[in-house]
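A short worksheet on the structure shown next.
Just so you know, ligand 1 is whichever comes first in the structure, and atom 1 is the first atom listed for that ligand. If you read the sequence from its start, that first residue is 1, and numbering goes on from there. Only heavy atoms go into these numbers, but all of them, side chains included; no hydrogens, no water, no symmetry mates.
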Amino acid sequence: MSGSSAGVVVVGAGLGGIRVAENLRNNGFTDPITLVGAEDHPPYDRPPLSKSVLLGKDDRVDLKPAEFYAEAGITLRLGEPVTAVSPADQTITLASGATIAYDTLVLSTGLDPRPFPGLTENVRGVHVLRTYDDAVALRGEIDSASTAVVIGAGFIGCEVAAGLATRGLSVSLVEPARTPLAVALGEQIGALVSRLHVANGIDLRTGVGVASIAVSDSRVEAVELTDGTTLPADIVVVGIGSTPVTDYLDGSGIDLAPREVGGGIACDATGHTSEENVYALGDVANWLDEDGRPKRVEHWNHTVEQASVVAHQITGGDAVTASVAYFWSDQFDVKIQVLGAPRADDDVHVVDDDGKKFVAYYSRDGVLTGVVGAGKVGAVMKTRPKLQTPTPVADLL
Ligand SMILES: Cc1cc2nc3c(=O)[nH]c(=O)nc-3n(C[C@H](O)[C@H](O)[C@H](O)COP(=O)(O)OP(=O)(O)OC[C@H]3O[C@@H](n4cnc5c(N)ncnc54)[C@H](O)[C@@H]3O)c2cc1C
């Protein structure tokens, strides 16, 4: 543990940032901790944004009660984007021009949603969903809208389409791949997810792209598809992926990972960047996986585990991490769960399918790599031990 007074500075007051700070205190770290965030909000949770917040059911997304920060001795500097990092001086610079010194720097700046290509002006009715403010802006238009087009059927696009349909809108979901979630889970499981959306009234348009967004008087009117179809739209949500937030590192000397391996901040297997005393974690960080390959992951549990690892790197000792990766997505009344590291090109074995809920095993070279379930929480979770050691998938079939 460092004995000097600058302590740990964490850039990014989101999930990863607050978890590192909290873990440091839990590990007995007594030096100053400063959490710097670009947004005005204290650290909040993002998964509810495309679920309960969009549905208007729940607005409580804060990750910690207001009194936590003073009690834990964590200084929050909110609404202050970091614009530069100087490892040579051990300082960061804020947009205001102020500088903050650090002994140890932790970077957890997340992602920026990719805007629709070519749409440069600010068009009313066109949304992305990454922040709480994004969610509130989108939710605020639902009551006066009747049609919505969601561009991109990844996890966030699928959740938003489900949420908007549940709120009574007529929703089209447009995806150039042949099924939703094809990139993450492959087309076989994607087809089962298609079925869920179609059964719930989504106008699912796969295998087709978006040619343009039609705008009148700075307000969206329609979405024109590459097959010539025009879909009227009071609301458009662009869910075509995100890019790691690293612009503030220009000139810092901190290495970034190549785009072909996911981009983001290049790290070793425990979050060290190319600069001493600088760590990165969460959606923005590209850690080496257990096989020594660079891998950037955009999931909640993964970020929480990395925060524990980084805090232990700083204070000493080993972090306890789950050996099996996990994430989830809620679409309509179904929880989709993904255990392990299934890949879209793995062999897929659907072992249970009642027309709505299902369980599927993924395998590579005959070895179980992952389990995906929809509405089958118990069945998915009980396979966890099988993913902790190499298991022939045939043993489960
Ligand atoms: C709508 C939505 C739904 C999701 N649902 C799920 C789900 O169901 N399951 C799941 O596993 N995962 C889900 N996720 C992903 C999960 O929320 C992320 O993996 C997690 O938030 C990553 O934490 P992070 O700390 O890396 O980034 P974030 O939580 O995004 O925090 C990064 C913070 O850094 C700040 N920042 C950026 N640049 C700067 C700067 N220059 N200076 C200072 N601060 C800066 C940002 O404002 C932000 O607050 C969802 C994400 C979104 C957006």
Under 4.0 Å from any heavy atom of [X], which atoms of ligand 1 are there?
X    : value
E298 : 15 (C), 19 (O)
E159 : 8 (O)
G12  : 33 (C), 34 (O), 35 (C), 44 (N)
V36  : 43 (C), 44 (N)
T303 : 19 (O), 22 (C), 23 (O)

Go through the structure and list residues passing side chain to side chain donor-acceptor pair (under 3.5 Å) with D330, not counting sequence neighbours.
K335
Top protein contact for [atom], by heavy-atom distance:
atom                    : result
atom 45 (C) of ligand 1 : A38 CB, 3.6 Å
atom 25 (O) of ligand 1 : G16 N, 2.7 Å
atom 46 (C) of ligand 1 : E39 OE2, 3.5 Å
atom 29 (O) of ligand 1 : R46 NE, 2.9 Å
atom 8 (O) of ligand 1  : K51 NZ, 2.6 Å

Measure [X] to ligand 1 on non-hydrogen atoms and call it side chain, backbone, both or neither using the 4.0 Å cut-off.
X    : result
V245 : side chain
H302 : neither
L15  : both
F155 : neither
L111 : neither

For A307, all residues meeting side-chain contact (heavy atoms from CB on, under 4.5 Å), sequence neighbours excluded
R19, V20, N23, L281
Is there a polar contact between ligand 1 and [X], counting only N or O atoms under 3.5 Å apart?
X    : answer
S50  : no
R130 : yes
G282 : no

Please confirm whether the ring centroid of F332 lies under 6.0 Å from the ring centroid of H197.
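Distance test on ring centres: under 6.0 Å, yes.
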Under 3.5 Å, is there a donor-acceptor pair between the side chain of R219 and the main chain of D234?
yes
Proximity flag H41 to ligand 1, non-hydrogen atoms under 4.0 Å:
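Judged by the 4.0 Å heavy-atom criterion, H41 does not count as contacting ligand 1.
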Can you check which of [options] brings a heavy atom nearest to [atom]?
atom                    : options             : answer
atom 26 (O) of ligand 1 : D247, L49, D283     : D283
atom 9 (N) of ligand 1  : W300, F327, W328    : W328
atom 33 (C) of ligand 1 : S108, G17, G37      : S108
atom 42 (N) of ligand 1 : N301, V82, T83      : V82
atom 14 (N) of ligand 1 : G14, P43, A285, P47 : P47
atom 52 (C) of ligand 1 : V20, D45, I156      : I156
atom 39 (C) of ligand 1 : D112, I92, T109     : T109

Minimum heavy-atom separation for P43 and L76, please, with both atom names.
CD-CD2, 4.2 Å
Euclidean distance, D89 CG relative to I92 CD1, rounded to 0.5 Å
12.5 Å
Lys/Arg N to Asp/Glu carboxylate O, D143 vs R167, below 4.0 Å:
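Judged by the 4.0 Å cut-off on N to carboxylate O distance, D143 and R167 do form a salt bridge.
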So does R46 pair up with D283, basic N to acidic O under 4.0 Å?
no
Would D133 and T131 count as a side chain to side chain donor-acceptor pair (under 3.5 Å) here? Give the steps.
CA-CA 5 Å; D133 292 347; T131 66; 5.2 Å; no
A side-chain contact here means heavy atoms from C-beta on lying under 4.5 Å apart; do I156 and V237 qualify?
no
Is there side-chain contact between H302 and F327, with heavy atoms separated by less than 4.5 Å?
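Answer no - side chains too far apart.
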Side chain to side chain donor-acceptor pair (under 3.5 Å) for D59 and Y132? Distances and angles first, verdict last.
CA-CA 10 Å; D59 235 8; Y132 180 74; 3.1 Å; yes
Pair E39-Y44, side-chain donor/acceptor within less than 3.5 Å:
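Yes, because at least one side-chain N or O of E39 sits under 3.5 Å from a partner of the opposite role on Y44.
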Can you see whether D346 engages Y361 through a side-chain donor-acceptor pair at a distance of less than 3.5 angstrom?
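Their side chains do not contain a donor-acceptor pair, so the 3.5 Å distance test is not met.
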Is there a side chain to side chain donor-acceptor pair (under 3.5 Å) between E224 and S212 once you walk through the steps?
CA-CA 5 Å; E224 281 147 12; S212 61; 2.6 Å; yes
